[in-house]
Amino acid sequence: MIVPRGTFQVQQSCNILGKFMTVEQFDIVVVGGGHAGVEAAWCASRFDQLQIALISMPEISLASAPCNPAIGGVGKGQLVREIDCMGGLMGILTDESAIQFRRLNETKGPAVQSTRAQIDKDLYSSKALEYLKLVSNLSLILDTLIEIEDEGGGGAFYRLHCESGRSYRTKIIIFASGTFLNGITHVGDDQRSGGRYDDRPSGGLVQILQNDGLKVKRFKTGTPARLDIKSLDFSKMLEQPSDVSANNFHYLYRNKGRFQPQVSCYLTRTNETTMGIIRKNRERSPLFNGQIHGVGPRYCPSIEDKAFRYPDRNAHHVFVEPEGLFTNSVYPNGLSTSLPRDVQLDFYRSIQGFENAEILRYGYAVEYDVVDTSELYQTLELKRFQNIFTAGQVNGTSGYEEAAGQGLVAGLNAALKILGKEPLIFSRFDSYLGVMIEDLVANSQDEPYRLFTARAENRLFVREDNASVRMAPYRNQMGLCEEIDLYLRKFLHEKKLIMSLGTDIVFNHKDQSLFEKFDLGPLQSDIKLADVIKRGHQDNVKMLSNILYELNLNLMDEVVEHCAVEMKYGGYIARSELENERIKKLSAVRISWEELSDNRNISFECRLRIKDVRPLTFGQLRQIQGIRPATLAYVAGRVHS
Amino acid sequence: MKSLFDGRPIVACSTPPDVRSALSIIRVSGFANLEQLGVFFSRSLDDLVPRQMYLSLFLDSKGNPVDQVTFIYLKAPFSFTGENTLEINCHGNPVIIDKILCELIHSGIFRLAKEGEFSYRAMMNGKLSLSQIEGLDILLNSSSQILSSIGLKYLYGELHTQYTHLYDAFLRMKAALELKIDFSEDVGDQESQDLIITSYEEFSHILSDLYSRCIDSVGNMMTPTIALFGEPNAGKSSLFNLLVRHNRAIVSQIEGTTRDYITENIIVDGIQFKIIDTAGLRTAVNDVEAEGIRRSYDLFEKTFFKVLLINPLRPMALSLDYDKYNLVLLTHSDLDGFDESCKSFIFNYQSSTPIWKSSLKTGSIGPVDLKMESGPIEPVTNFTGPIEPNVKGGPIEPDVCLLVKGLSAKSYHSLMKNDPIVLGRHQIAIRLLIDKQKIFRGILHTERDVAIISDHLTEIENIIVELIGIITPDQVLSSIFNNFCIGK
């Protein structure tokens with residue numbers, strides 16, 4: 001069918017997978033159906049006046065989890081909550097497919113507490129498909145992209161040519177192609193092209209972009225072998241059951257309980273024999289014999305790395321995690337390897353509980369191309385290519401949560417761009433999304449990027465419990481009215497009520513019996529409710545909810561929890577806000593990287609970094625690795641005067 | 001200061017330009033390439049090897065020789081400023097120096113450097129750290145040989161090394177805390193807690209070392225002050241005149257109003273002191289005098305060595321705290337009745353400050369025997385005789401001058417013994433760090449919320465940043481990855 005150029009056909013709901021497509025024009029096409037791609041497509045399709053397509057390789061299920069079967073964790077849990085409160089999909093999918101929950105750092109204070117869930121991988125993928133199918137303005141295309149054509153040359157329209165022979169026209173492309181760019185997998189000396197073992201690589205992006213001088217880097221990551229659950233002896237391992245106390249991620253699921261039966265994980269350790277086998281086979285390890293050139297993450301080392309970097313240490317934790325309720329596959333976390341198959345079997349079987357282990361699939365390392373993120377704007381659009389966005393592992397990050405977060409940022413910004421609205425720029429002072437995006441675009445990363453709470457300057461404020469409050473202004477900016485928006489309004493309303501009670505309610509000697517009843521501590525002189533909660537000699541969430549119950553106030557649990565934490569941290573947050581205000585003001589000052597990179601008062605290396613990264617504001621300049629304090633002092637001095 | 005930022009090539013004479021000497025050095029820095037300088041030399045600059053000396057004629061704009069010079073080319077970034085530099089050694093005649101500078105400046109390519117601009121550029125180009133620059137400042141401006149050597153230590157990074165150690169210890173402490181938050185599954189809670197404690201101890205050890213090097217407020221150590229205090233007619237001006245009369249190092253004489261104080265510079269034992277005759281300590285009679293007295297009290301706080309002069313023959317109008325002075329001098333020992341008055345004075349003298357008697361007319365001195373009336377304090381005997389006068393061949397200095405100078409030099413030396421931190425900015429930061437560290441110690445033992453502990457650590461970090469520069473999360477994470485086996 002012929003569609004006249006420049007006009008868009010109004011399309012019907014079109015979810016005929018891999019079959020005849022009636023539409024060839026879209027506003028946004030997302031390439032890649034991983035965590036970034038799924039979130040990008042979902043978020044962009046929130047704007048129902050736009051037509052979105054998601055192109056995903058036919059042989060791979062949507063939002064699949066090729067590495068560890070877990071979502072969340074320290075820092076990452078906060079990010080999942082942010083995605084959820086922005087109307088993203090990850091929280092819902094995780095809750096509905098989770099088979100174990102853990103509350104990390106439970107005793108270390110609310111700011112650093114995080115949730116992590118083990119997921120049933122297959123369930124997660126099928127839930128993703130279910131949700132996307134419900135979206136009327138989103139088309140799923142199961143195909144492989146082979147070529148991009150810039151129609152007319154200005155980046156106003158792109159034509160995407162796929163393997164099936166079909167092609168699609170779009171205003172904006174979001175690339176979320178994961179590890180599939182020029183991917184090579186390694187198992188011992190067995191090398192194959194492909195983004196995952198037994199999967200094909202994808203080319204498209206690199207060819208077109210590299211031709212135009214886009215900087216591309218090569219990273220490496222790896223995964224352990226998968227073991228057959230029936231061949232393991234769990235009696236020799238330490239059981240780690242699911243946490244009852246951990247909350248679900250999705251805001252509406254808080255009191256819904258668990259969707260799936262909960263299972264345990266197990267803990268075992270490597271030993272002298274294990275590490276001995278690995279050390280004996282150094283020459284056969286692609287990581288150590290020169291076969292692999294890509295840079296791997298230091299926070300996620302292979303077992304070979306551990307063996308050679310810590311020669312005195314033989315006991316390393318191994319977390320044994322089931323990959324689903326109905327699969328025999330088990331993920332031995334901590335044992336990622338690319339050693340030859342015979343060595344893998346040998347060292348796995350030397351571990352307590354693994355004596356008779358059968359390997360379902362061998363561990364492997366993968367090398368892949370990533371976009372140098374200093375080539376990106378904060379919207380994740382490429383500086384050199386109008387209307388092409390990149391998100392996820394292709395940007396050199398690791399982790400499903402980081403990928404989904406970027407998908408959300410790219411998806412929403414692509415949509416806002418088409419609609420002619422202000423871009424959505426997350427601030428590092430109120431979100432891990434902001435921390436991640438700013439870290440990425442301010443720097444070209446030297447290793448796969450992962451979020452840590454250490455990266456957030458404002459850690460006391462960017463918490464799981466207040467994700468709603470932090471995301472509300474951003475949701476507001478999007479100008480949508482969905483269920484989440486109504487929820488956020490209600491949340492803020494109840495928060496305002498409780499916080500004002502915190503200063504309005506003053507207890508005096510008449511309240512002695514109340515204080516005794518709820519064990520609120522001594523009552524010597526008149527004291528405000530907020531100050532009672534701040535004392536924190538016991539669980540302050542419980543204290544607050546008891547008092548509110550006594551006042552016959554029936555408010556949402558999560559708001560009560562949030563307010564108790566807010567009262568506890570109040571002074572600290574107020575103080576850091578002052579400091580943040582100061583930094584924010586300075587950070588927002590615009591600078592000219594062209595002028596600075598020609599400025600002979602700045603050292604040669606610093607000028608090179610500046611030319612590389614092209615910072616637009618002082619804040620971005622400050623984030624560049626290797627920028628000397630003298631340079632910052634010099635520039636700060638100039639922007640002040 | 002703004003014109004410092006223009007980045008144009010600069011030129012200056014690095015040796016004193018107005019004194020005849022055998023050789024002078026003219027430095028040119030920041031030119032883009034040697035071609036810009038080609039016209040000034042008879043020798044071709046095409047084949048220059050950096051760091052080699054060449055002989056050439058220096059030519060004026062018409063191509064006439066100005067002087068025979070040698071020059072060395074230092075290629076960026078391997079020069080003091082980090083920029084392309086040419087060092088020209090010409091003959092040390094002020095006329096020649098002036099001519100060469102004029103030729104270079106009139107070419108329009110170079111401009112005369114501002115004061116300190118070479119160092120400024122060195123800092124901007126990362127060749128010197130801030131504390132090294134401060135060291136350079138001490139080196140160029142210090143008034144004593146001792147401070148010069150401290151300047152050299154700053155310049156060669158002695159203090160910088162100390163700060164680096166402090167920084168490293170802090171980084172380990174911060175990394176241990178982050179380890180406890182982000183990686184508690186990889187490294188056990190107990191292990192990371194132990195690490196926090198040991199790294200904290202290491203940090204506070206280095207910090208208290210630095211703190212012990214912060215001298216208490218002793219005024220400006222760059223030019224230490226000796227000030228003479230006392231009631232009117234105690235003999236301050238007589239002693240002042242004695243002290244400066246025999247010193248040829250007088251550079252300037254600044255006189256204020258009759259009620260203000262008078263300043264002179266003297267050099268004792270390699271230290272340049274500023275000596276000050278203050279207005280008399282008494283209740284003011286009129287406004288002008290009141291102002292003079294107020295200034296004396298201000299000065300008191302900033303003075304390094306304080307001499308209190310007392311005429312025991314006159315009744316004391318004010319009660320003074322002798323402990324605040326470094327030397328008490330009972331004057332007019334040549335007058336009748338001195339010994340009697342002296343006895344009654346020292347009867348009430350309860351201070352450990354050295355006390356001497358002197359005749360300012362003759363310049364003679366003598367120890368005051370505090371035992372005469374079985375007073376509680378031993379006579380002062382820590383002055384072991386005349387100190388070699390700084391100026392040789394002049395008239396012999398009166399003993400009272402040697403006493404004052406000797407004691408001030410001695411206390412200066414004892415203060416400087418431990419390589420003190422003399423810069424106010426550093427002292428303030430270190431004292432603040434000590435305060436914060438005390439709070440942090442309490443938090444560390446009582447607080448269970450790691451985020452709050454970390455928040456207090458951030459306060460410490462903000463001060464360390466003042467001393468050493470910005471700490472990035474990547475440095476913290478690198479410290480973790482390099483020292484611990486992380487990774488599930």
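All values below were derived from every heavy atom in this structure, side-chain atoms included, with hydrogens, water molecules and symmetry-related copies excluded.
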**Asked** How about B/F183 and A/Y299: are their ring centroids closer than 6.0 Å?
**Response** no
**Asked** Does the A/K108 side chain pair with the main chain of B/K180, one donor and one acceptor, at a distance under 3.5 Å?
**Response** yes
**Asked** Is the backbone N or O of A/L460 less than 3.5 Å from a side-chain atom of B/D455, with the two atoms forming a donor-acceptor pair by type?
**Response** no
**Asked** Taking atom CZ of A/R103 as the centre, does the number of heavy atoms from other residues, nucleotides or ligands within less than 6.0 Å exceed 12?
**Response** yes
**Complete:** A/V112 and B/A451 have their tightest heavy-atom pair at CG1-CB, 4.1 Å
**Fill in**
In short, A/N105 meets B/I181 closest at the heavy-atom pair ND2-O, 2.8 Å
**Message:** Out of A/G73, A/G109, A/P332, return the one with the most heavy atom pairs under 4.5 angstrom to chain B.
**Reply:** A/G109
**Message:** Just verifying a value: how many Å separate A/R116 CZ and B/E185 CD, rounded to the nearest 0.5 Å?
**Reply:** 4.0 Å
**Request:** Give, as side chain, backbone, both or neither, the part of A/P110 having an atom under 4.5 angstrom from any heavy atom of chain B.
**Result:** both
**Asked** Relative to chain B, which segment of A/L104 carries a heavy atom at a distance below 4.5 Å: side chain, backbone, both, or neither?
**Response** side chain
**Asked** In Å and rounded to the nearest 0.5 Å, what is the NZ to CD1 distance from A/K568 to B/I452?
**Response** 4.5 Å
**Fill in**
CD (A/E457) and CD (B/E461) are apart, to the nearest 0.5 Å, by 9.5 Å
**Message:** Which heavy atom of B/H456 sits nearest to which heavy atom of A/Y572, and what is that distance?
**Reply:** NE2-OH, 3.2 Å
**Evaluation steps, side chain to side chain donor-acceptor pair (under 3.5 Å), between A/Y569 and B/D449** = CA-CA 10 Å; A/Y569 285 141; B/D449 191 315; 2.5 Å; yes
**Request:** Measure the spacing between CZ of A/R575 and CD of B/E459 and express it to the nearest 0.5 Å.
**Result:** 4.0 Å
**Prompt:** Non-hydrogen atoms of chain B under 4.5 Å away: do they reach the side chain of A/T107, the backbone, both or neither?
**Reply:** both
